[in-house]
Colleague: 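I have a structure here, written as structure tokens, and I will follow up with some questions on it.
In what follows, chains carry the letters A, B, and so on, assigned in the order in which the sequence lines appear, proteins first and then strands, with residues in each chain numbered from 1. Atoms considered below: every heavy atom in the structure, side chains included; atoms not considered: hydrogens, waters and symmetry mates. Computed from a predicted model, the values in this text were never measured in an experiment.
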There are 2 protein chains.
Amino acid sequence: MQKPEKNPDNGKHGSDFSAMFAALGDPTRLAIFDRLADGKPRSISVLSNDADMTRQAVTKHLRVLEAAGLVQNHRVGRESQYAFCPEQLAEARAYLDQVAGRWESALMRLKTFVEDDEV
Amino acid sequence: MQKPEKNPDNGKHGSDFSAMFAALGDPTRLAIFDRLADGKPRSISVLSNDADMTRQAVTKHLRVLEAAGLVQNHRVGRESQYAFCPEQLAEARAYLDQVAGRWESALMRLKTFVEDDEV
DNA sequence: TCTAAATGCAACTAAAAAGTTGCATATTTA
DNA sequence: TAAATATGCAACTTTTTAGTTGCATTTAGA
């Protein structure tokens, strides 16, 4: 069987969100993101100190988080500080809320249907 | 520089959540998950019909979602139906809410600090 | 100014993920 | 029962990701 290639449409639902979830989908990155949630910006060196990997690896992770819009970077002196960035987090939450909402609605419709059927 | 290996501790924060985010971090999987949120179980064939890839690829994606606890599977006759599973979604939402809460608290403390300083 | 600290860049390796293909098996249904 | 449908398993290729290493550059400080 060959590659089907059916969908000529694009855009729609949460296809954009997958990149953000992917960014959070690595334990190291999630740990960094979690840590930065206290609002204090931290340099690459500081963030590397308690990671079990090299500074370069941490740098790459930070760039992935930055590309996903989850953290922001700005250079101060010789160091590069990364800080929490709440907008994308809000988007992710809104998306998951929306999915959960659809699920709840579906449940509700089912319940109503069953009740109507029982009368 | 060698592998640092600093952290002998384990567990704590959101390290478990990274697997779930990783499961949602693929566009195909997120699309499937999103689609199943209407509560209707669907067979592998049905889900494969509008994916631009083979049935086997979709099967693998479904197993990843299942391993993450995001969907459930049960065999009916010759077909294998996958259905939405809300528990893990709730966990993800709760986790993101908690992170957002920490961020808000940090903001609040900063605001208070600045105001106190201005008096 | 000379050195140490913080980072960047590029090339590389290794491992995991995504996807395909071919074939076998179970289940409907004509 | 024979054909068609739905799936499973295993081997394989390709692409991406995670991580390291070596070296160059920039900045802070003694």
Colleague: B:D52 has an atom CG; how far is it from atom C1' of C:dG19, in whole Å?
Modeller: 13 Å
Colleague: Pick the nucleotide of DNA chain D nearest each of A:V76 and A:A22; which residue has the one closer to the 5' end?
Modeller: A:A22
Colleague: Output a table of donor-acceptor pairs, distance under 3.5 Å, between side-chain atoms of residues 69-78 of chain B and any protein atom two or more places apart or on a different chain; print 'none' if there are none.
Modeller:
residue: B:N73; atom: ND2; partner: B:S80; partner atom: OG; Å: 2.5
residue: B:N73; atom: ND2; partner: B:Q81; partner atom: O; Å: 3.3
residue: B:R75; atom: NH2; partner: B:R78; partner atom: O; Å: 3.3

Colleague: If you define the side chain from C-beta out and look only at heavy atoms, does anything of B:E91 sit under 4.5 Å from B:F17?
Modeller: yes
Colleague: Nearest-Å distance, CG (A:D26) to C1' (C:dA16)?
Modeller: 12 Å
Colleague: Does a salt bridge link A:D97 with B:R93, judged by any charged N lying under 4.0 Å from a carboxylate O?
Modeller: yes
Colleague: So, for A:A92 and A:M20, which heavy atoms are closest and what is the spacing to 0.1 Å?
Modeller: CB-SD, 3.7 Å
Colleague: Atom NZ of B:K60 to atom P of D:dT16: distance rounded to whole Å?
Modeller: 16 Å
Colleague: To the nearest angstrom, how far is A:L30 atom CG from D:dA18 atom P?
Modeller: 13 Å
Colleague: With ring pair (Phe, Tyr, Trp, His ring centres under 6.0 Å) as the rule and sequence neighbours excluded, what pairs involving residues 23-52 of chain B come up?
Modeller: B:F33-B:F84
Colleague: Within this structure, what is the CG-to-P distance between B:L62 and D:dC9, rounded to whole angstrom?
Modeller: 14 Å
Colleague: Taking only N and O in the side chain of B:H61, is any of them less than 4.0 Å away from OP1 or OP2 of C:dG19?
Modeller: yes
Colleague: Treating Ile, Leu, Val, Met, Phe, Trp and Tyr as nodes and any side-chain heavy-atom pair under 4.5 angstrom as an edge, say whether B:V64 and A:F21 lie in one connected cluster.
Modeller: no
Colleague: Produce a footprint string for nucleotides 3-8 of chain D: one letter per nucleotide, 5' end first; B if the base is under 4.0 Å from any protein heavy atom, S if only the sugar-phosphate is, - if neither.
Modeller: --BSBB
Colleague: Give a yes/no on whether any side-chain N or O of A:T54 is located under 4.0 angstrom from OP1 or OP2 of D:dT20.
Modeller: yes
Colleague: A:R29 side chain N/O closer than 4.0 Å to the phosphate oxygens (OP1, OP2) of D:dT17?
Modeller: no
